[in-house]
Amino acid sequence: MAVARRTAKGVWDRFSASDPGLLRLMAGLRTVGAILLALAVLAPLGTSVTHLVAGAMTAMVATFAIQEKEVRGQAITLALGLPVALAAISLGALLNSRVVTGDLFFVLLIFGAVYCRRFGERGTALGLIGFQVYFVSLFVDASTSALPELCLTLAIAFACSAVVRFAVVPETPERTLARLREAFRARLAQLIAHQIELLDADAESPEGLEKILDDLRRSTARLHEAALMIQGRLEEGTRDAATAALLQRRVADAEIAAERLGVLLLNARSAERVETLTLHLPSASVPLSRRGRIGQDAGIALRRDLRALHLLVVRLVPDDRGTALPYVRNRLLGYREEQGLPQGSPAIQDCFRAIGEAARAILGLRLATHGARDEEYDTPEAMRSREEFEAEEISIAGEAAGAEEPEQTGLRRPTTRAAVQVAVGSALAIVGGEFLSTQRWYWAVLTCWVVFLNTASTGEIMVKGYRRLVGTVLGVVAGVVLAGAVGNHTWAAFALVVLCVFGMFFTAPLSYALMSFFVTAMLGLLYTLLNTYSLDVLVLRIEETALGAACGIIAAVLVLPVRTSHRTDEELGTVLARLRDVVSAAVAQLSGGPAVDLVDLARDLDTALDDLRSSTKPLTHPIAPLRARRQTARYIVALLETCAYHARSLAATAELVPSSKSVAADARLALAGRRITHNIDLIAAKVRDEEPDGVIESGSSIASMLDSGRHEVLRTGSVAFRVLRHLQRLDEGIVGLARPLGVPLAAPEESGGATGARKKP
């Protein structure tokens, strides 16, 4: 029985890690539940199949359109959405026979729906409901005579959506945050498991090593993704700002400690002392040589302690029924203060110290989420860790209000520009769609609308249009098979429609092409229900999709275009600014300056880096024709990911200065920080198309810039050594960025004694 429970928990952990917070699962269940409930209510009323389809589609729209986190906000938006939907279906029925007037109104509706995004999540939801319900009226060929029954159907669909949302599958910010914390724990356990696999890997098998390294990179990225998702839910999911800040800091500590442990394990396995750059570069391979095998005794101890650390993560919720876990935790915590540190090379001992840091981070995470329940088992090392956590908690101030960026106005506002582009593209799609089919022209308009959702540049629109076309072609094939399988069995078709809807929402965040596949397969079934199915209709669907994507691309290129390079430059400039903020603030605090909220600054950097990564997808996509540009974009993003890791680690170390007895400020570090921030400023100026006022300084290592106490500073395993290592890697990463971006570098003789002073080229 115990084995079955452990197996079930392991399977659930893997699923929870694959779907952080179960957000995709809950979205799929909520949408499917709303559709099923709407069908269950409408069918006994003798509703026609056409109106059943309209009710199911409306229930789907009313459910997925609302994305607000607060329950009260969801209820208000849902209540406002019903009159919007009734107005849209009524206008659709009234204008159905007036072709020109209906087309003009549709274009205006599209413009208004996109423009409403400027009013936040509620405006976005109401605009989406208005557009999609008008589309439903076109799909079911609504008429004025059927309008009363259609309005009743829509009202029932909205009511069913509300029942499922608030009663059957309730969703509150607190529950979502709790599930995200569980996903973070599961992903942390996965990362440590892959680190154990790395330690056990056979250096004689290059293929096996490469697979383990890929798993390690992937699990590290997924842990970071879960941490960012928690950050986005903290404000609504916690009782106050102090609790949110505390949990954010503990999650950041755990993430950085686990990531650092992975890097040090790579160092220990590599004869060449491979550093963090190898972990982050997408295509890098780590040369784990046979000579770099860890000694037998040290390896046994390291494996034992990694498994113990994995157990602490798996059983993160405190268990008061025994002393086994506290004993294991206390032994690992002792490594932080050189207590019981196993014998081994400096690289191996660094790994044990990192295990101690990770154990401390796990203790802090447990205290922040579940409180203290086993203090009676504490050793002096554990007591000191708790005291440090308490001091940090007391020092956490209220959230500082960030400086608001100047709001853009007129056509420069993204929502206004997108509204104009979509309106122009939709007008073209209507005209072209009418030539292809006077009855199904709206598919071209829908595609044009969709390719503009969540896109901000011409390249993103082109990639999204391509993915939608690929998914549509595959979905047509599936639609033919499914339509032939169900025949005239109405409820079998509805059951498959529901499965397609679930697949659509479950896969939407993962793959837009896969989502389009499920949408098109579902349409084949819906056409079967409406007795309008034919192979010609599905082929027409492909043609209309291609036309709509082409119209969207034409509008994006010709009407107020936002070039991909322009957007990537903007995002790159933001990342550099955030990186400078983190480095300068962390170095200032490590040098004895005032304490600031470095965790918030580090998370701002992570958010900006995610935006940059998203903006470069058109450049790095396999269909991108410029191979050199694709490789440069990947190289720059990889270097920035490396710099972000070291900046986060530097910030985490600096956070310890005000409360820790083992981490002291060192004024000499300010000298190293000035060179790094100077180089960042030069690169940022180049990105802004300004002439750099100086050259990139390189050459002397960061450690060599600190003359006094050099031997003490560079003691392996010390906090000062760790700080210098992160600064050195940051310095190298920034210099590496300068080359592909064309920023001039100082000649070796000029930069040999870099002191932070600017030199003219």
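No side-chain donor-acceptor contact under 3.5 Å links R578 to the backbone of D604. Looking only at distances, a side-chain donor or acceptor of R24 sits under 3.5 Å from a matching main-chain atom of F506. For T220 (side chain) and L216 (main-chain N/O), a donor-acceptor pair under 3.5 Å exists by modelled atom type. Using modelled atom types, one side-chain atom of Q349 and one backbone atom of P342 make a donor-acceptor pair closer than 3.5 Å.
Salt-bridge formation is detected for the pair D214/R217: a Lys NZ or Arg NE/NH1/NH2 atom is positioned less than 4.0 Å from an Asp or Glu carboxylate oxygen. The pair D253-R249 does not count as a salt bridge, with every side-chain nitrogen at least 4.0 angstrom from each carboxylate oxygen.
Partners of N679 according to the side chain to side chain donor-acceptor pair (under 3.5 Å) rule, which considers only residues two or more places apart in sequence or in another chain, do not exist here. The side-chain contact (heavy atoms from CB on, under 4.5 Å) test applied to D611 returns E571, T607, not counting sequence neighbours.
Q589 places a side-chain heavy atom less than 4.5 Å from the side chain of L598. Side-chain atoms of R303 and I196, non-hydrogen and from C-beta on, never get closer than 4.5 Å to each other. Annotation: side chain of Q195 is not in contact with side chain of L309 (no heavy-atom distance under 4.5 Å). The closest side-chain heavy-atom distance from I636 to T616 is not below 4.5 Å.
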